[in-house]
Amino acid sequence: MSEILWQKSSFSGPDPENACLELAHGADGVLLLRESDEPELVMVAEVPRLRALLLAAKAGEFDYLS
């Protein structure tokens, strides 16, 4: 099994104490996401579905939930 290479957001700064979203490529083209302060919890997403979710959030489709 190959090591997962997590990429930290450049907006979080160099301080390792900064909690942020981390991304990595998984097997079969899926995208792995985790919160740096809880690295044992990993979300697996298919790229097209995650893209659709992010576009919907940016378009305000979930604003009624707040």
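No experiment lies behind these values; they were computed from the predicted model shown.
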Check: residues 41-59 side-chain donor-acceptor pairs under 3.5 Å, at least two apart:
residue	atom	partner	partner atom	Å
Glu46	OE1	Arg49	NE	3.1

Next on the checklist: Please report the interatomic distance CG(Leu32) to NE2(His25), rounded to the nearest 0.5 Å.
Outcome noted: 9.5 Å
Checklist outcome for this item: In short, salt bridge (charged side-chain N to carboxylate O under 4.0 Å, His left out) pairs touching residues 24-36 with sequence neighbours left out are Glu22-Arg34
Next on the checklist: Under 4.5 Å side-chain heavy-atom separation, chaining through any Ile, Leu, Val, Met, Phe, Trp or Tyr, what else clusters with Leu5? Say none if it is isolated.
Outcome noted: none
